[in-house]
Colleague: 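I have a structure I would like to understand better, so I am pasting it below and will then ask my questions one at a time.
To find a chain, count down the sequence lines: A is the first, B the second, and so on, and within it residues start at 1. Note that the coordinates shown come from a computational prediction; the quantities given were computed from them, not determined experimentally.
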2 protein chains.
Amino acid sequence: MRLKPTIEDVARVAGVSRATASRVINNAPGASEPLRARVHAAVAELGYQPNETARALVSGRQRAVDVIAVTYGSGIGWLGTHPYFSRALAGMMPVLEGVNAQLRLHAVAQETAAEAIDEIAANATLGAVLADITPVLAARFYRRCRRTVSMVPTASSVPRMEADNIGGAYTAVKQLHERGRRRIAAIHGPALNPCAIDRRTGYRRAVRSLGLTDVSADGDFHRDGGYRAARQLLEQHPDIDAMFIACDLMAAGAVQAITAGGRRVPDDVSIIGFDDSIAAVCTNPPLTTMRLPVEEMAAAAARLLLEGDPEPGHRQRFPVDLVIRDSTRN
Amino acid sequence: MRLKPTIEDVARVAGVSRATASRVINNAPGASEPLRARVHAAVAELGYQPNETARALVSGRQRAVDVIAVTYGSGIGWLGTHPYFSRALAGMMPVLEGVNAQLRLHAVAQETAAEAIDEIAANATLGAVLADITPVLAARFYRRCRRTVSMVPTASSVPRMEADNIGGAYTAVKQLHERGRRRIAAIHGPALNPCAIDRRTGYRRAVRSLGLTDVSADGDFHRDGGYRAARQLLEQHPDIDAMFIACDLMAAGAVQAITAGGRRVPDDVSIIGFDDSIAAVCTNPPLTTMRLPVEEMAAAAARLLLEGDPEPGHRQRFPVDLVIRDSTRN
DNA sequence: ATGAAAGCGCTAACAG
DNA sequence: CTGTTAGCGCTTTCAT
């Protein structure tokens, strides 16, 4: 079988030099119309496709955005079951498409995260989007590669996309309160997750300023954890009439626990989730939720990287808006 | 700021030749212990990280698996809302991790798919996993790059991972029938989607062999389509007592439509979905469904690529198993 | 066991 | 406008 044609072959067939071939292929100026035509013909005849690796090496830029996800213990099952990550990818791909940039996906195990991160940083080109990296690791990465954007709250110098998690949580509780609920419990996310921390803060502030009681349980940002937390909450505080839940997946579990316990949503217990992920519309009833604009954030992150090195401390703020569905409608 | 150190720098600092440095870095034989130590020291001192691009160019192999997704019309919103794709990614990443292979993600617009596919094929290294490519496009890709694996039914010569969609659909209907249901409707997927076609076939065979009536509606593999199809089905055939739905996302919508119409799941209408995606456990009640082992299929596809060129027509079969949850429990 | 040298395929000065 | 010539950073013969 014939080897893949190189630009050398194209040049030979077209009867020009490699340089000329390169010029017309990259449609750079400095090539006459007749030669252009000959080169194009040769390209077509040979089915020539530039070798991106060689291009990248010589030009120093490979035009790839790296996306890093850290996997905790149990493997990366969460990538397949947690909508967050795929939303981020979905947001980035359209902006990368058409500008000849590719997306590289890295799953790094928490235990070896440090080394893995060093290697990724060393080979970064357009830069990296840190989807859920802890502040410490993010800072480490940033030290090795300035072209970095975090999508979660992180070390202060790292450029980031910032969603108003605190405000969102506050709004959620306030909304529940306005609808007349007074025993508003919360199911929070992992204690160390930066987003979860902010949402917890928002809940606490709202509870305090509205004169309510803090009734909290801890979840893990997964459905099962939401189910368990809700059941436990209901047992310990049977008078709960609303729940603010820090993630839709947990909210889906909570809805199941609540109805399994013989109560109705929203009549007995009103629910507001967080994220507005696919889970929010799959539950029954569909969830009122605080929309985290993941796609927009990811797209903006990609665009920022495309523009060049972001300023240290650069930040772009994103609103977290209330999306009303049936889990609060009654 | 200091430029990134090259192997040249390492060699100089260690006082050896580039060749020797290369040998120890790749821990190839042919370097004495004392020199190895000096090189390692130099690497550590400089924080040297090999440039993967240069490596790839010289060795001809970049160790990357390309994943291609075609986007239809409206953009790739579906990637963020449809669990299939992220499950495939989740399946591949663990097998790629640790073998120093990376994952490249490509979203190609349907209109320009042909050219895009040619370019990807030209730059493929370990090969490509075709997640949802039509047979025609898959064949085209395969013509340009033998290292290809499709995850959906496709042109006969293209190596593939084959799930028993027909058998799964058949099993689902049979299960409903065994539970005493007799008016078993179906909501199918897109007319041209190869998986949807097989599931439709399975439904038809079951209906015929069980002596039931074919009551079908068409969906789009999304929640909204499932909602609409279910509502329409219920209006036109109020005596329906069960539904086989070709995808969990549609099933989630159908559950909502059914309960919104005042009927209960599973008491009045029993439901079996397909996929066993995150949507199946977010609905209320959780869905009985036919499990498509997407993660396993994707992992096997990645492994196949890692092994070298798959045989033409290579196929690996995967079962589609019944997972019983509450939507059929009564 | 070690080093010198030849490229991988391409782009980008630099000459002509 | 066109061609010649250096490399990009690395691996890999091939001598030594």
Colleague: Can you figure out which of D/dC10, C/dG3, D/dT2 approaches the side chain of B/Arg23 most closely?
Modeller: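 When the side chain of B/Arg23 is considered, C/dG3 is the closest of D/dC10, C/dG3, D/dT2.
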Colleague: Could you please name the option among D/dT11, C/dC10, C/dT2 that lies closest to any side-chain atom of A/Pro50?
Modeller: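 Closest of the options to the side chain of A/Pro50: C/dC10.
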Colleague: Taking only side-chain N and O atoms of B/Asn26, does any of them lie within less than 4.0 angstrom of OP1 or OP2 on D/dT11?
Modeller: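 B/Asn26 to D/dT11 OP1/OP2: side-chain N or O found under 4.0 Å.
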Colleague: Nearest of D/dT4, D/dC8, C/dT2 to any side-chain atom of B/Ser32?
Modeller: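 Within the option list, the nearest is C/dT2.
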Colleague: Do the side chains of A/Arg104 and A/Asp66 get close enough for a salt bridge, i.e. N-O under 4.0 angstrom?
Modeller: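 Salt bridge between A/Arg104 and A/Asp66, a charged N being under 4.0 Å from a carboxylate O: yes.
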Colleague: Nearest whole Å is fine: how far is D/dG9 C1' from B/Glu52 CD?
Modeller: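 B/Glu52 atom CD is separated from D/dG9 atom C1' by 11 Å.
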Colleague: Distance check needed: C/dA12 P versus A/Leu57 CG, whole Å only.
Modeller: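 Between P of C/dA12 and CG of A/Leu57: 12 Å.
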Colleague: A/Arg12 has an atom CZ; how far is it from atom P of C/dG9, in whole Å?
Modeller: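 Taking atom P of C/dG9 as the reference, CZ of A/Arg12 is at 13 Å.
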Colleague: Among D/dT11, D/dT2, C/dC10, which nucleotide has an atom closest to any side-chain atom of B/Ile7?
Modeller: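 That would be D/dT11.
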Colleague: For the base of C/dT11, is there a side-chain donor-acceptor partner from A/Arg18 under 3.5 Å away?
Modeller: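 Between C/dT11 and A/Arg18, which were checked side chain against base, a qualifying N/O pair under 3.5 Å is present.
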Colleague: Rounded to whole angstrom units, what separation is found between the CZ atom of A/Arg63 and the C1' atom of C/dT11?
Modeller: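 Rounding to the nearest Å, CZ of A/Arg63 and C1' of C/dT11 are 16 Å apart.
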Colleague: Start with the C-alpha gap between B/Asp118 and B/Arg144, add the side-chain angles, then the distance that decides, and say whether side chain to side chain contact (heavy atoms under 4.5 Å, CB included) holds.
Modeller: CA-CA 7 Å; B/Asp118 290 354; B/Arg144 292 173 174 59; 2.8 Å; yes
Colleague: Nearest of C/dG9, D/dC10, C/dT2 to any side-chain atom of B/Thr20?
Modeller: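 Of the candidates, C/dT2 comes closest.
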Colleague: Write down the distance between CZ (B/Arg55) and C1' (D/dT11), rounded to a whole number of angstrom.
Modeller: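 My rounded result for the distance is 9 Å.
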Colleague: When the distance from CG of B/Asn51 to P of D/dC8 is rounded to whole Å, what number comes out?
Modeller: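 Rounded to whole Å, this separation is 12 Å.
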Colleague: Do the numbers put B/Arg146 on top of the ring of B/Tyr142, so that NZ or CZ is under 6.0 Å from the six-membered ring centre and no more than 45° off the axis?
Modeller: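 Judged by the rule, B/Arg146 and B/Tyr142 form a cation-pi pair.
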Colleague: For C/dG9, does either OP1 or OP2 sit under 4.0 Å from a side-chain N or O belonging to A/Thr6?
Modeller: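 Answer no for this pair, as no side-chain N or O of A/Thr6 is under 4.0 Å from OP1 or OP2.
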Colleague: Hey, does A/Pro29 reach any base, or is it just sugar-phosphate, or nothing, if we go heavy atoms under 4.0 Å?
Modeller: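 It contacts nothing in the nucleic acid.
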Colleague: Identify whether any heavy atom of A/Ala19 sits under 4.0 Å from a base atom; if not, whether one sits that close to sugar-phosphate; answer base, sugar-phosphate or nothing.
Modeller: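 Base contact - A/Ala19 has a heavy atom under 4.0 Å of at least one base atom.
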